[in-house]
Amino acid sequence: LGIRRPGWKTDCGENEGNDVMASLQATSVAVADAVLEELRTTTRTLNPEYSRTYDNTRELKDSDVLHIDVVNTGRKLTAVSRGSCARDPIIQVIVRQRLGSATADREGDEENLDRLHLLVEEIEDYFFHRRLGQAEAVWMATETFGPSNEEYRVTRQFTAIINLTFRAHG
């Protein structure tokens, strides 16, 4: 499932002459697992349900349950010098919660939305310059999208996507 070329050399790990793509996948999977573990072990007052998934588009059916999904969305291979490169896994942390049905009374939604926005900021701040020791990776960048006002207006679902980029070593 990867690229194999006899004699192909790389300084991006111990895969000299082997499957470079498999190594990249293993690195991004390890970083995604480490992000999930960091989130689980960090005290959260909102008691979310955590999952590691590849479905970053699902609409929630349940109401009032906060979901935090960790998605391995890809990676960049970046040249850092003439003969070496770095792996930069991109991991999404998706914060989702449905605030009742689309036709239910919206009283109190502002307070709930405020605490969800604060949670997103808390996650952004937590990973700023964070080193994931078990994955040998360090934070490089954060980019956050959402929540979408239209999605909330139509479905009453809050969804914020936090893209975390790490520099993986090893």
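As the structure is a prediction and not an experimental result, all values here were calculated from the model.
No side-chain heavy atom of L113 sits less than 4.5 Å from a side-chain heavy atom of E110. Counting heavy atoms from C-beta on, the side chains of I91 and T73 never come closer than 4.5 Å.
Between the NZ atom of K76 and the CE atom of M140 there is a distance of 8.0 Å, given to the nearest 0.5 Å. To the nearest 0.5 Å, atoms CD (E143) and CD1 (I162) are separated by 12.0 Å. Interatomic distance, W139 CH2 to F166 CZ, rounded to the nearest 0.5 Å: 9.0 Å. Once rounded to the nearest 0.5 Å, the distance linking CG of N112 with NE2 of H117 reads 11.5 Å. Summarising the geometry, atom CZ belonging to R75 is positioned 12.5 Å from atom OG1 belonging to T165; distances are rounded to the nearest 0.5 Å. Note that OG1 of T144 is 9.0 Å distant from CD1 of I123, once rounded to the nearest 0.5 Å.
Cation-pi geometry between R130 and Y126 is met: under 6.0 angstrom from the ring centre, within 45 degrees of the axis.
The cluster map of Ile, Leu, Val, Met, Phe, Trp and Tyr, joined by side-chain heavy atoms under 4.5 Å apart, puts L36 and I161 in different clusters. There is no path of hydrophobic side-chain contacts, each under 4.5 Å, that joins L66 to L118. No path of Ile, Leu, Val, Met, Phe, Trp and Tyr side chains, each step under 4.5 Å between heavy atoms, connects V31 with I94, placing them in separate hydrophobic clusters. With hydrophobic clusters built from ILVMFWY side chains whose heavy atoms lie under 4.5 angstrom apart, F127 does not share a cluster with V71. Hydrophobic clustering keeps I90 apart from V138 (ILVMFWY residues linked when any side-chain heavy atoms are closer than 4.5 Å, directly or through intermediates).
Salt bridge D88/R167: present, at least one basic N to carboxylate O contact under 4.0 Å.
Checking side-chain atoms of Y50 against main-chain N and O of L39 turns up a donor-acceptor pair under 3.5 Å. Judged by distance alone, the side chain of T159 and the main-chain N or O of P147 form no donor-acceptor pair under 3.5 Å.
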Exercise for review: Please step through side-chain contact (heavy atoms from CB on, under 4.5 Å) for the pair H67 and Q97, ending with a clear verdict.
Suggested key: CA-CA 6 Å; H67 297 268; Q97 185 171 13; over 6 Å; no
Review point. Which is it for N72 and S28 under the side chain to side chain donor-acceptor pair (under 3.5 Å) test, yes or no, and what are the steps along the way?
Key: CA-CA 7 Å; N72 171 12; S28 60; 3.2 Å; yes
Check your understanding: Does the side-chain contact (heavy atoms from CB on, under 4.5 Å) test come out yes or no for D33 and R52, once each step is laid out?
Key -> CA-CA 8 Å; D33 289 343; R52 180 104 146 60; 2.8 Å; yes
Practice item. Give the intermediate values and the outcome of side-chain contact (heavy atoms from CB on, under 4.5 Å) for residues L132 and V35. Key: CA-CA 8 Å; L132 304 174; V35 167; 3.9 Å; yes
Review point. Is there a side-chain contact (heavy atoms from CB on, under 4.5 Å) between V65 and E49 once you walk through the steps?
Key: CA-CA 7 Å; V65 176; E49 288 185 7; 3.5 Å; yes
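V70 and A32 make their closest contact through CG1-O, 3.6 Å (heavy atoms, listed as atom of the first residue, atom of the second, distance).
For the side-chain hydrogen bond (donor to acceptor under 3.5 Å, both in side chains) with Q92, the lone residue among N163, T53, D69 that qualifies is N163.
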